[in-house]
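Here the structure comes first, spelled out in structure tokens, and everything after it is commentary.
Chain identifiers are assigned alphabetically (A, B, ...) following the order of the sequence lines, protein sequences preceding nucleic acid strands; residue numbering begins at 1 within each chain.
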Amino acid sequence: MKKLCKIISLLLAIVIVTSACGSSSSTAGNNAASSTENAPAVSEDSASPKEKTVLQIMGPWIVESPEDKILGGVVESFEEAYPQYEVELIGVPSADVVTSVQSMAASKTLPDLVIVNGANNAAWKEMDILEDISGSFDQDFLDGFYPEMLKEFTYDGELLGLPLCAAPFVLILRKDLLDEAGLTVPESFEEIVSVAQALTVDKNGDGKTDRYGMTLMGFPDGNNSLRFTLALFAAGAPDIYTDENGKWATKIGTPEGVRAFKFYYDLAITNGSVPPGATEVDYKTMVNLLSTDQAAMAISGPHTIGTIVSQNPDMEGRFIAVPLIDKETVAYLNPYGMIKFKDSPNYQGAVDFLQYASQNFVEMTRVTKRPPSRIELADVAREAAPEVAAILDCAQYNIAYAKAPFRGEESNVIAEHVNAMLAGMFKSPEEAAEATAQAVQEVLDANNN
Amino acid sequence: MQKFLDKNFILVFFLPTAILSAVLIIYPMGYGIYISFFDTNLVNKWDFVGLRNYISLLSNKAFQQSLIVNVKYIVAVVSGHFLLGTILALNLNKNIKGRTVFRCLLMLPWLIPEVVFAVLFKWILNPQYGIFNFTLMDLRLLDAPASWLGDAKLALPAVILISIMKGYPFVMIMVLAALQTVPGQLYEAAEIDGCSSRSAFFHITVPSIVPILTVALILDTVNWFKHYTMVNILTGGGPANTTSLVSVTIYKTAFSSFKFGLAGAMAVIVFFICYIFSWIYRRLTDEKKT
Amino acid sequence: MKRKRRKQGQAGFFTYLLLILFSLAVLYPLVWMAATSLKTLEETFTIPPRWLPETLNLNTYRDIWHKYPMGYFFRNSLIVVCVTTVVSIGVSCLSGYAASRSRSYFRKSFMTFLLVLQMFPAVVLLVPYYKMLTAYRLVNTLPGLILPNIAFTMPFCTWMMMGYYNTISPELEQAALIDGCNRYQSYFRIISPLVLPGVAATAIYSFIQVWNEYMFSQTLMKTETSKTLTVGIAQMVGEYRTLWNDMMAASILASLPMIIAFIFLQKYFISTLTAGAIKE
């Protein structure tokens, strides 16, 4: 017994010591994420803390580097410009955002704003936790956005939030390698496949392939399905659309849809132009492959190029971003911004922040190469990164990514089938297309009544 | 009063646990069971559907496959824990030099958070830049990089092995503690009586640790049956759903498809299956005890 | 060939071989982890991967205390772990004893039921817990996180203690009762000191379960300074890239308290083979 007491007292001592150390070291150096929370605003403002309304913003950028510093900077200057507000940042990794929103919605403790793309709008609107905020902004202000990006943040004619920047999907490729091999930028699936084959080389002659032409994301998550869906649209086979009767339908099973499956199939299975283990590749792995010169092309965007370059400065200037072209020329802008929750504690504060942030988000473009959402910032963006310029021109090719409340379920279905195909579970792309079409149709049928 | 306390001391001893269980376990579980009878997203849709969720699961292939994968997983993982844990504990109980060092080393996998362990292995097993393939190729055991977590045939075994490595220290430590409670005099007496060490093992060691082993087996099974974190990070349930454990499926149903009622029904079915198995298991071991 | 009669407990060649082999297997990923924590971020991405860093970089261990609120993470984890363990062990010592000595079928069923409750996938419990704690304003507070942790460790601890109590013969209590003790005295004075190895093992189990808990900690704790270590480290796995060296360094630091606790508690397992735990 005595010994046990000794141990308990030792542990308590450790707790006390660590918390003492922890508090001092944390308050000393911790600027990244928590500086703006709970501490009074930076300015020499004389308003007492009680008079400030607290805005709660939740999202993944708060725990990602370098996005956290950029967001922190915007928040600080916002608090200076609007001293009556104080911003509390709640960091939630992107994989957990939906779970957190769900739990908070179920217990009615939602924050003011959440950093997210437009994917969940339909589902969240059905849950009745979003509301129309278009009335709080001037039409001029709203016209200053790229209309394609603004549309992603509307549903059923209601504006639910504002886009702040884009994380687009197009085709990124190594221009230097293309030039070296004397090839031109591919403009159809067949061309991409042959370019990939040409770029799959054994650099040092040891019998092992050192660089592959393309990397495909096979890990069964949302990023995977977004990219494949882009390929579907490029082939002219939208995964979900509304037909003449206003019902949900899919073109996955059509010959055009099969083209998209064949595209992936040829790259990975027929030609082996994709590094082995495609089913394991998630976003981070893809970035690693590209930045370590193990793959030459991918479906992603300029923000990916930004991350690649920061990981490997040698890659500066070697990648370009072009629209994905097959039967159609497509791009998906995938704007990121903030959605405002209904019945949020501070309506006006949230609206003010949205307006301020969208106009002051250039730093994000400069650092992470994400194109801005406001047209007026386009020139600044072009200067910051030429890759971004190409994307802004692609805005016209933005696909009509359907807004459906069951988007999460359908996305899982596509991701799982792409994963299965890359794992070799289907004997042919036709089989894969048929299986996927069937599964998606089931989801559509369940939601069509 | 004293007499009442004395007579019912078992009740008194149970009381704190009972109260805590009622508040902290039974209420949330009750909620989970309650929502299984609805088609709900927990916010604004609450359609009472009775048993429809349950009936739909009878024909839900994805759920059934998850159950099968889960059974394969749990059998392999728990057996692995047991074999490894018991063998190591038996050996650690002996008089060896550096015993503390070995004990601490072999405990380490358990002490590391699951998230870290999973991310670490995802990296180590990566076909392009993971150290494992390179080590195997250097040892001439492998020609070309293998995709351990991406190949449909290799993924489940890989996940199982990682889980075994993560969890065997639990069994090891339970058995070790049990071995310590065996009085040394018993062994001495046995030796004096002329027992061989193998006989001593079977007649002294094994019976002493069987009660603990039983408890450990049950606890381990329960713990790993609902495993989610590592598998989700390592494979996301793929490739081709070969590692789709039940928890992964339930999580996706709840938080991607927003079908909490269905997820609740899945959880209840899993619960019942486990209950039946543990009931069967207890019947078998109870008879053995006498 | 003459077979040397080995004393029970004497270690032979195979014992050492086995232990060394498995130790190497365990060390393989862990050494990689340690090596990574000593690399610079760029070095973590080299192909082919190298075991030893070219330049030893100890800065990571210092930098993570500035970059992330590591002190808070540690403090929160320690508090949650200690309180949960103390409560769980206290409660389970009592109920484990009761379960071991109980003859009633109802009690045995209750034990099984309690345990099987743990098999209920925790995912479905996230939302009810969130709602419950919101109602009492316990979300984002440490007591709010301690409660579900107690819920998850208590049944296991009860079962474990029951297992240990089962190894103690009821004759001891009979002897005590005959000597004039009542039930409570016989428990506190005689029985409980005997299960100390069991308590130690259960304590370690509880420590580790709670220390490594992720799902609830992530859902219930929102502000950076109230998060636990597991959540803080998991956040280093970003959507876009992973800061490997930070994460590995933080993980090693995070494992240290558990290792220290284990080293302390494992003394309770040491008993020389000549002196038993129970003195006749």
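- Between the side chain of C:Asn149 and the main chain of C:Val210, no donor-acceptor pair closer than 3.5 Å is present.
- Across all non-hydrogen atoms, the minimal contact from C:Met247 to C:Met236 is CA-SD, 3.5 Å.
- Within the 4.5 angstrom heavy-atom criterion, atoms from both the backbone and the side chain of B:Tyr275 approach chain C.
- Options B:Val116, B:Val270, B:Val115, B:Ile25 differ in how many heavy-atom pairs under 4.5 Å they form with chain C, and the most are formed by B:Ile25.
- Annotation: C:Phe152 is in aromatic contact with C:Phe216 [ring centroid separation under 6.0 Å].
- The part of B:Lys166 that comes within reach of chain C is its side chain, from C-beta onward, which places non-hydrogen atoms under 4.5 angstrom from that chain.
- Listed for the C:Trp211 side chain is a donor-acceptor partner under 3.5 Å among the backbone atoms of C:Ala254.
- For C:Lys131 and C:Tyr136, the positive end is not near the middle of the six-membered ring at less than 6.0 Å and at most 45° from its axis.
- The aromatic rings of B:Phe170 and B:Trp110 sit tilted relative to each other, their planes meeting at an angle between 30° and 60°.
- Heavy atoms of B:Tyr228 lying under 4.5 Å from chain C belong exclusively to its side chain.
- The residue among B:Ile112, B:Leu105, B:Thr221 with the most heavy atom pairs within less than 4.5 Å of chain C is B:Ile112.
- Take B:Lys252 and apply the salt bridge (Lys or Arg N to Asp or Glu O under 4.0 Å) test, not counting sequence neighbours, and it matches A:Glu416.
- Rounding to the nearest 0.5 Å gives a distance of 10.5 Å between CZ of B:Arg103 and CG of C:Leu19.
- Only the side chain of B:Tyr168 comes within less than 4.5 Å of a heavy atom in chain C; its backbone stays farther off.
- Using cut-offs of 30° and 60° for the angle between ring planes, the B:Phe132 and C:Tyr28 rings count as perpendicular.
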Listing, residues 195-204 of chain C side-chain donor-acceptor contacts under 3.5 Å, not counting sequence neighbours, or none:
residue  : atom : partner  : partner atom : Å
C:Thr202 : OG1  : C:Gly198 : O            : 2.6

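- The part of B:Phe260 that comes within reach of chain C is its side chain, from C-beta onward, which places non-hydrogen atoms under 4.5 angstrom from that chain.
- The contact between B:Tyr251 and chain C is made by backbone and side chain atoms together, counting heavy-atom distances below 4.5 Å.
- For the set B:Ile26, B:Leu120, B:Leu92, the count of heavy-atom pairs under 4.5 angstrom toward chain C peaks at B:Leu120.
- B:Met165 touches chain C through its side chain: at least one heavy atom from C-beta onward sits under 4.5 Å away, while N, CA, C and O do not.
- Proximity to chain C (any heavy atom under 4.5 Å) is shown, for B:Phe271, by both the backbone and the side chain.
- Contact annotation for B:Val268: both backbone and side-chain heavy atoms come within less than 4.5 Å of a heavy atom of chain C.
- Residue with the most contacts toward chain B among C:Leu229, C:Thr158, C:Val127: C:Val127 (heavy-atom pairs, distance under 4.5 Å).
- Here B:Ser21 is the residue among B:Ala216, B:Ser21, B:Gly130 with the most heavy-atom pairs under 4.5 Å with chain C.
- Heavy atoms closer than 4.5 Å to chain C are found in the side chain of B:Ile124, but not in its backbone.
- Heavy-atom distances place no part of B:Ile233 under 4.5 Å from chain C, backbone and side chain included.
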